[in-house]
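Working notes, beginning with the structure itself.
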Amino acid sequence: MLEIIDLHAKIADTDTEIIRGLNLTVKAGEVAAIMGPNGSGKSTLSYILSGREDYEVTSGDIRYNGESILELDASERAAKGIFLAFQYPVEIPGVATMQFLKVAMNEQRKARGEAELTTPEFIRTVKEGAAKLKIDPDMLKRPLNVGFSGGEKKRAEILQMALLEPKLCVLDETDSGLDIDALKIVSDGVNALRSPDRAFVVITHYQRLLEHIVPDTVHVLYKGQIIRTGGKELALELEANGYADVIGEAAE
Amino acid sequence: MTIQSNTRQTAAETALVEAYTTQLSDLPGDPDVLTLRDRLLDDLKTAGLPTRRIESWHYTDLKTLLKDIPAFDAKKGAKALSPFVGGATVLSVLQGKANETRQDAFTATRYSESLTDGSAAARLDAVAADDAIGRINAAFVRDGFTLEIPADAEIEAPIEIQSIHTGGQVHTRFPVTIGAGARVTIIERHIAGEGDAAFVSSISDVVIGAGADVTWIVLQQQGAADTFLGQIRVDLGADAKLKLFDVNAGGKLVRQELRIDASGEGAELTLRGVNLIGGEQHNDVTLVLGHNVPNTSSTDVFRYVLFDRGRGVFQGMIRVAPDAQKTDAKMACNTLLLSDDADFAAKPELEIFADDVVCGHGATVADIDDNHLYYLRARGIPENKARAMLVNAFVAEVVEELEDEPLVEALEEVISNWLEKHA
Ligand SMILES: Nc1ncnc2c1ncn2[C@@H]1O[C@H](COP(=O)(O)OP(=O)(O)O)[C@@H](O)[C@H]1O
Ligand SMILES: [Mg+2]
């Protein structure tokens with residue numbers, strides 16, 4: 001489903017290269033965990049997948065269902081089913097959460113040539129989705145993410161993911177800022193979406209999340225490259241020994 | 001106003017003087033009113049239209065900006081529109097002429113009657129040396145409504161003053177007295193129908209009694225070639241509450257003056273402004289707010305959105321009188337500048353003569369936040385649509401403070417229609 005081939009990318013305004021020859025393949029139905037120390041380029045990778053224009057791909061390719069997506073802008077990628085749950089969702093004053101959800105769902109439908117949702121359909125879908133994630137309906141009456149606690153923001157991201165039904169879900173540090181109960185709710189929300197035709201890229205630097213969302217593969221990202229790939233036991237190894245060993249091996 | 005005898009009369013100045021001569025025979029007024037009109041026109045003739053050399057007109061050099069003045073045309077007609085919000089009581093002013101109306105809950109008489117019987121003379125004069133709008137309006141005003149809201153009246157249905165024209169000249173005035181303890185919502189709507197260029201002046205002269213609770217909306221939607229010179233004068237009594245929302249979404253050359261005095265202790269002003277400016281529009285909102293007695297409060301928030309070659313001006317002067325202790329006054333002006341060719345000037349000022357006060361002001365000018373734009377696009381919303389949503393949000397934030405659902409919805413529709421045409 002996702003193939004990243006020898007990807008190099010830099011900050012658009014400067015010549016600072018952050019992704020330096022990254023290779024990664026994720027199959028449909030797979031949950032791939034990406035781990036790595038702070039500053040290794042995990043968030044940057046997620047932004048580049050989503051089409052953020054602050055970064056420029058200088059060489060290599062990103063293929064999604066066999067086609068390069070480098071020429072697509074962020075909204076086109078989203079409409080094709082790529083979703084990024086942000087590490088730090090922004091607050092947007094003045095944009096009502098419900099209105100935002102409706103526009104996003106319908107714009108994606110339009111882009112795919114599907115009929116728009118009617119208002120009752122929309123409201124029912126949102127209410128059901130919110131209930132599953134234990135989101136207080138009053139929260140949805142507020143402007144988008146404004147005044148949401150850290151945990152509420154993360155839950156709202158997962159709600160958006162559930163409503164938009166993407167095919168490739170990228171989760172950037174979804175566990176940060178969540179207490180144990182919230183972590184459980186959010187993980188259950190993610191697990192409920194697992195299906196043979198949907199893939200997940202779960203970025204985290206704690207093993208904790210991976211106890212709830214059990215990955216098929218684990219990849220270590222360091223200085224803009226995947227330096228080690230393994231099964232779920234790799235996460236345990238990292239938890240026990242830290243990154244130093246893996247980094248040391250890669251440097252040899 | 002300083003005398004500028006050395007400058008030649010502009011086409012607009014000549015047209016104003018000529019307009020007065022031609023209209024004189026049918027301008028309503030008793031001898032007192034007519035004498036006052038003559039004097040105000042003379043003042044106008046000697047001083048000329050205000051230029052940038054007059055401080056309060058520095059960013060709106062009327063003498064240069066006002067190119068010409070369409071003639072008054074008694075034959076032009078205009079049709080009333082349906083009310084801005086359902087259930088509102090509409091008071092129509094068509095082509096500057098007020099329609100006779102009969103109301104139970106309050107009184108509404110045609111302003112022309114008070115000109116004819118001379119009772120208008122007492123408050124007709126200009127209120128300050130730089131009050132060019134007051135002069136022009138007093139010289140030419142023909143009609144409007146005098147409203148009296150009785151003390152303690154609870155008026156549920158909004159009162160909508162609907163002034164609509166199809167070009168030419170329109171000069172209206174609305175003296176409004178709101179009795180102590182009354183509660184009322186007034187919508188002052190200035191709107192152009194299909195037609196030619198217009199020169200419009202309008203003054204609302206509002207006295208709000210002790211403890212009254214008033215919501216006042218000014219909605220300006222003049223035509224793309226129109227000049228609008230508006231003025232709201234407010235005297236706010238003890239413990240009176242005023243929510244004043246000023247929305248500008250039209251006109252070519254717009255100057256809107258807000259001259260507000262908090263003159264009773266405990267008076268509370270909530271002032272919000274939305275200015276949508278595009279094309280070649282010039283839109284100036286000038287606020288002069290006096291906190292004249294102790295224990296009054298005000299919050300003023302103005303939002304400007306500028307497209308194309310639009311020019312926005314905000315001048316905000318807050319004066320706190322020497323004994324007006326415990327004044328709490330906050331003013332903010334935020335601008336979204338969406339075009340390199342657009343231009344914005346802000347001049348917030350505080351003149352504080354009391355020592356125990358909380359006063360502040362702030363002004364920001366920015367473009368759309370890229371992080372916001374990216375977030376919306378990452379959810380599948382195409383760039384154009386995402387931009388429109390964010391511009392809308394920038395002003396919606398202010399409109400929503402009205403906390404009156406039908407009004408908020410109606411205003412948001414005006415705003416999104418405007419944005420659809422200009423963005
Ligand atoms: N827009 C940017 N401007 C400057 N530096 C950036 C920018 N984006 C990322 N970086 C830098 O790139 C490196 C990787 O950052 P990031 O992708 O956030 O790492 P991670 O998510 O793995 O902690 C860091 O050193 C960070 O400071
Ligand atoms: Mg990160």
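Residue numbers begin at 1 in each chain, while the letters A, B, ... track the order of the sequences.
The local environment of CD in B:Glu383 is crowded, with over 12 non-hydrogen atoms from other residues, nucleotides or ligands closer than 6.0 Å. Residue A:Glu56 qualifies as enclosed at atom CD: its count of foreign heavy atoms under 6.0 Å is above 12. Within a 6.0 Å sphere centred on CG of B:Asp341, heavy atoms belonging to other residues, nucleotides or ligands number more than 12. Summarising the local packing, CD of A:Glu114 is surrounded by more than 12 heavy atoms from other residues, nucleotides or ligands at distances under 6.0 Å. Heavy atoms of other residues, nucleotides or ligands lying less than 6.0 angstrom from NZ of A:Lys153 number more than 12. Counting non-hydrogen atoms of neighbouring residues, nucleotides and ligands closer than 6.0 angstrom, the CZ atom of B:Arg309 reaches no more than 12 such neighbours. Atom NZ of A:Lys80 sits in a sparse spot, with 12 or fewer heavy atoms from other residues, nucleotides or ligands closer than 6.0 Å. Residue B:Lys330 places its NZ atom among more than 12 non-hydrogen atoms of other residues, nucleotides or ligands, all under 6.0 Å distant.
Here the closest non-hydrogen pair linking A:Gly94 and B:Ala396 is O-CB, 4.3 Å. Of all heavy-atom pairs between B:Gly380 and A:Ala78, the closest is N-CB, 3.3 Å.
Between A:Glu157 and B:Arg379 there is a salt bridge, with a side-chain nitrogen of the basic residue lying less than 4.0 Å from a carboxylate oxygen of the acidic one.
In this structure, A:Arg77 and B:Arg377 have side chains that are not in contact, with every pair of non-hydrogen atoms separated by 4.5 Å or more. Taking 4.5 Å as the limit, some side-chain heavy atom of B:Asn371 sits within range of a side-chain heavy atom of A:Arg52. Using a 4.5 Å heavy-atom cutoff, the side chains of B:Pro382 and A:Glu107 are in contact.
Annotation: maximal heavy-atom pairing with chain B below 4.5 Å, among A:Pro93, A:Pro166, A:Ser50, occurs at A:Pro93. In terms of heavy-atom pairs under 4.5 Å with chain B, the best-connected choice from A:Ile82, A:Ile92, A:Leu84 is A:Ile92.
How far CD of A:Glu91 is from CG of B:Asp369: 11.5 Å, rounded to the nearest 0.5 Å. Going from atom CD1 of B:Ile381 over to atom NZ of A:Lys110 covers 10.5 Å, rounded to the nearest 0.5 Å.
Among the residues in residues 117-150 of chain A, those with a non-hydrogen atom closer than 4.5 angstrom to a non-hydrogen atom of chain B are A:Leu144, A:Asn145.
Proximity to chain B (any heavy atom under 4.5 Å) is shown, for A:Pro89, by both the backbone and the side chain.
In this structure, B:Tyr375 and A:Phe100 have tilted ring planes: the angle between them lies in the 30° to 60° band.
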